Structure formats: C-alpha cells, structure tokens
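Accompanying notes for the structure given below.
Values in this document were obtained by computation on a predicted structure and should not be read as measured data. Every number for a ligand or one of its atoms is a count from 1 in the order of the listing. Hydrogens, waters and symmetry mates are skipped; everything else that's a heavy atom, side chains included, is used.
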Amino acid sequence: MKTLRIKPEYLNDIKRGYSLVSRDAVPNRDILEVEGELFEITDAHNKFIGKGYYGNQNKGIGWILSTKEDEAIDQEFFTTKINTALRHRKHFFDNTDTTAFRVFNGEGDGIGGLTIDYFDGYFMISWYSEGMYSFRDNIIAALDRLTTYKAIYEKKRFDTKGMYLEQEDDFVKGEPGVFPIIIKENGMNFAVDLNDGAMTGIFLDQRDVRELIRNEYAKDANVLNTFSYTGAFSVAAVLGGARNTTSVDLAKRSLPKTIEQFSVNAIDFESQDIKVMDVFDYFKYAQRKEMKFDLVVLDPPSFARSKKMTFSSAKDYTKLLADAIKITEKNGIIVASTNNASFGMKKFKTFIDKAFKDANIKYKIVEDLGLPKDFHNNRDFPEFNYLKVCFIKKLK
Ligand code: SAH
C-alpha cells in the first residue's frame with residue numbers, strides 16, 4: 001500500500017473525524033496512479049493515521065475509510081458499514097407513511113463518495129468518483145446479503161464537478177421498475193423515476209421543509225414557489241390548505257412533471273399556476289403587476305446559467321432575496337434554501353441580514369433547518385451539512 005504523508009496543519013481535523021483527503025493535505029499525492037487503489041496516511045514521524053482510497057472529487061483526492069491500522073478494507077468492511085447504516089434507518093423502514101429516504105450518506109456513514117437512497121423497494125446508488133465506483137461489486141454484494149429489494153439503480157456522478165454521466169440505462173439488477181413509481185412522504189405522494197437522467201423527481205433532503213410548509217405555514221396562503229422543478233413544495237402547500245400556488249421553473253420538463261405531482265395527490269392542476277420561465281423575469285413581472293405573496297420559496301441551484309445571466313448562490317443570494325422581499329406580504333414568510341456547501345449557516349444568515357437591511361425592513365428567522373436525520377453527517381464539519389433552510393418572517 002502506498003503511503004501519503006499528511007501536512008501537520010491537517011492532522012487535527014482528521015483526528016476529529018474529517019475523512020476527506022484534500023488535495024493540499026498530501027504533497028506526495030502524485031504517487032497515486034489508479035483510482036480505487038488504497039493508501040495509508042502517516043504523520044511526519046511515520047505514525048499511522050488512517051487508510052483510505054484514491055478517488056478524485058471536486059474537493060479532494062479520496063477518503064479515509066478507517067483509522068484502525070489492522071482493519072482490512074474488504075467485503076466484510078463494506079458489508080458492516082452498510083449494515084450499520086441500515087440498522088440506523090430501521091424506524092424509516094418501519095414507517096409506512098414515508099417510503100423514500102437515504103439509507104447511506106457518504107462520509108456520514110463511513111464511506112465518502114457513496115450514497116444510497118431507498119424508494120419503496122428500489123435502491124439507488126450514487127457513485128461520486130471513479131475510485132468509489134471500483135468498489136461497485138462490494139457494495140452490490142453487501143446489499144444482496146443484507147436486504148431484499150425489487151431492483152437496484154445507479155447514478156454515476158463523477159465528472160470532475162460531481163455531475164451526472166449520461167448513460168443509456170441506470171438499471172443494475174433485479175426486476176426493472178415501471179416508472180414513475182409513487183412513493184410516500186409523510187402521507188404525501190410523489191412520482192419518482194429512477195431511470196431518467198440525473199434527477200429522480202424529488203429531493204429527499206427537503207422532506208422536513210415540505211412537512212413544515214404543509215403543517216405550519218401553508219394554510220390560506222398565496223404561495224410562490226421559485227426554482228420549483230417538479231413542484232414538490234407546491235404540492236405540500238396545497239395539501240396544507242394554500243389558497244393558491246404558483247410554481248416557476250425555466251426547464252420545459254417542469255410543466256408535465258409538476259402536473260404529474262399534483263395529479264398523484266388528487267389535486268386539480270388547472271386550479272394552480274405553473275409557469276415555465278426565468279425566475280428573474282417572473283420577479284419583474286410580479287413587481288410590475290404589484291403582486292404580493294404570503295409565502296415565497298427560494299430554492300435555487302448553487303450555479304445556474306440562463307440565456308441572460310448566471311446565478312451563483314454564494315455571490316447572488318442577497319440579490320435574490322431583495323427581489324423576493326419586494327413581492328412578499330407584510331408578515332409573510334420567505335423560505336430561503338441553499339445546498340451550496342462552500343458556505344455555512346452563519347454566512348447564509350449574513351446574506352439574509354444584508355438583504356433586509358438594504359431594503360430597510362425588519363425580519364425574524366422563525367425556523368432554521370439543516371439536513372434531515374437520515375442524511376447522517378458529522379456536525380463538527382458544516383461543509384458536509386450542506387443544506388441550509390431559513391423561514392424568514394417579513395416584519396415592517
Ligand atoms: N425546489 C425544487 C428543486 C430545485 S432544483 C424541489 O424542491 O424539488 C433547481 C431548479 O432550478 C431546476 O429545476 C432548474 O431548472 C431551475 N432553474 C435554474 N435556473 C433557473 C432560472 N433562472 N429560472 C427558473 N428556474 C431555474
């Protein structure tokens with residue numbers, strides 16, 4: 001096994017459980033040749049620190065898998081990790097109101113670069129590097145041994161930016177599904193397709209936000225859902241008693257997909273507004289018409305490029321909020337969400353504070369949420385708890 005020597009300033013984090021091996025931490029990283037090969041990490045005195053695998057991702061060159069010198073990285077290792085993760089989700093498997101959740105969350109469950117989601121009998125594995133993908137047989141063998149399932153699907157997310165690699169078919173084994181399947185989440189229905197490119201129709205990490213909108217914030221509200229994708233927040237709002245919803249997304253496929261999500265919940269989609277357009281154009285339109293909403297959901301991607309502009313949540317979130325504030329009713333709520341891992345909750349709140357100060361409007365953050373319980377992560381390192389959602393009440 002090759003040995004990587006870690007720079008002293010990185011040692012402390014690793015001892016505290018940080019398992020990503022960043023590019024800068026190991027100066028002799030060039031000795032690594034084949035993704036998936038195992039390496040040992042030592043300190044400057046040649047003392048064993050951990051062992052891991054080589055796999056290039058956007059932030060690092062691999063992950064530490066074990067800090068025990070005598071632990072082998074073999075089939076038993078992978079089976080044990082997955083078994084532990086499954087046992088931690090036992091109450092999810094037992095709950096018939098929610099049939100889709102994350103069963104394995106990368107480094108939070110001990111194997112960085114790997115996630116496994118469960119959708120009512122189907123497993124979906126995401127591989128985040130070529131290196132992780134080299135353990136494919138081990139992971140599938142572990143699922144075979146530990147679970148029963150209808151089928152396994154996979155997503156290869158390993159171009160350098162963690163983007164999805166298009167492939168003909170994401171099916172791995174089992175009895176192929178007839179999609180969409182309908183999964184349940186806190187009693188709501190969602191149509192899911194595991195064999196239709198990068199996305200499945202629902203982002204499981206927003207489960208708690210959907211529930212909160214439905215249970216606490218939607219009643220009688222006029223709701224604007226921006227960057228709405230398949231309209232999952234709009235569905236939650238209607239089921240929570242919203243007066244009206246408007247879903248806005250640039251992607252053409254968002255229209256049929258949103259109609260589908262309403263329909264599988266027995267909601268008349270014709271009574272709701274679905275707009276295929278640029279959110280920033282919609283803001284201009286709404287301002288011109290002096291429209292006001294009681295609840296505005298902002299859930300932009302970390303980066304987006306449209307014909308007219310590029311949006312980066314790290315740079316432009318304050319501007320996005322400024323637009324939203326203008327069309328939110330007094331005492332209305334803005335749900336501001338971001339999944340950008342490059343900044344934490346504290347910084348996110350400074351974006352919020354600046355937007356309201358600039359507008360000279362008082363506000364109160366009435367809820368803040370991170371990842372739900374099934375998305376295990378090490379709370380000491382906020383970058384792994386990438387999701388940040390604030391419910392902001394617009395005061396006067
Ligand atoms: N809120 C959604 C997920 C949003 S994913 C949910 O909870 O399910 C991000 C979405 O933003 C994508 O569907 C993409 O098409 C859309 N998008 C990106 N840039 C946009 C823009 N400028 N205007 C409108 N939609 C945009």
Side-chain angles (χ1 to χ4, degrees), residues 100 102 117 119 157 162-164 180 183 185-186 188-193 196-214 217-218 223-240 242 245-262 264-265 272-286 295-317 319-321 323-324 327 334-341 369 371-372 375 386-391:
R102 179 148 291 189
D117 292 322
F119 294 92
R157 302 187 190 274
M163 299 287 275
Y164 173 76
I183 62 97
E185 184 191 273
N186 294 311
M188 296 179 260
N189 294 328
F190 291 105
V192 164
D193 188 339
D196 185 27
M199 304 200 282
T200 62
I202 187 159
F203 287 96
L204 296 179
D205 54 5
Q206 296 279 15
R207 179 190 314 113
D208 295 348
V209 179
R210 283 186 286 271
E211 192 184 23
L212 204 50
I213 287 178
R214 182 191 63 182
Y217 291 94
V223 178
L224 175 64
N225 180 10
T226 64
F227 306 94
S228 57
Y229 180 42
T230 64
F233 289 128
S234 306
V235 167
V238 174
L239 295 178
T245 65
T246 304
S247 306
V248 185
D249 197 292
L250 193 61
K252 284 201 181 66
R253 58 156 204 265
S254 70
L255 176 63
K257 292 274 185 192
T258 303
I259 290 175
E260 179 174 61
Q261 299 295 25
F262 280 133
V264 300
N265 286 285
Q272 308 300 320
D273 293 317
I274 307 169
K275 310 263 185 215
V276 176
M277 68 188 285
D278 194 307
V279 162
F280 299 99
D281 288 336
Y282 186 81
F283 283 136
K284 282 184 212 136
Y285 164 82
L295 183 72
V296 177
V297 180
L298 305 174
D299 185 25
S302 295
F303 300 97
R305 186 168 298 150
S306 65
K307 270 178 223 134
K308 279 163 261 168
M309 65 181 298
T310 56
F311 173 86
S312 140
S313 59
K315 287 202 204 96
D316 304 319
Y317 214 107
K319 246 171 50 206
L320 178 64
L321 279 160
D323 281 330
I327 57 167
I334 297 173
V335 178
S337 170
T338 178
N339 57 12
N340 192 324
L369 295 87
L371 286 169
F375 284 66
Y386 58 85
L387 186 69
K388 297 162 280 290
V389 186
C390 290
F391 284 53

List, pair by pair, the atoms of ligand 1 and of the protein that are both N or O and lie under 3.5 Å apart, giving the separation rounded to 0.1 Å.
residue, atom, partner, partner atom, Å
ligand 1, 1 (N), Phe227, O, 2.9
ligand 1, 1 (N), Asp299, OD2, 2.7
ligand 1, 13 (O), Asp249, OD1, 3.4
ligand 1, 13 (O), Asp249, OD2, 2.7
ligand 1, 15 (O), Asp249, OD1, 2.7
ligand 1, 22 (N), Asp278, OD1, 3.3
ligand 1, 23 (N), Val279, N, 2.9
ligand 1, 25 (N), Leu250, N, 3.1

Short N-O contact, Asp278 and Lys284, less than 4.0 angstrom: no
Listed partners of Glu260 passing salt bridge (Lys or Arg N to Asp or Glu O under 4.0 Å), at least two apart: none
Ring centres under 6.0 angstrom apart (Tyr217, Phe391): yes
Face-on cation placement of Arg210 at Phe190 ring, 6.0 Å and 45° thresholds: yes
Ring geometry between Tyr282 and Tyr285 (parallel below 30°, tilted from 30 to 60°, perpendicular above 60°): tilted
Any donor-acceptor N/O pair, Gln261 side chain to Ala191 backbone, under 3.5 Å: yes
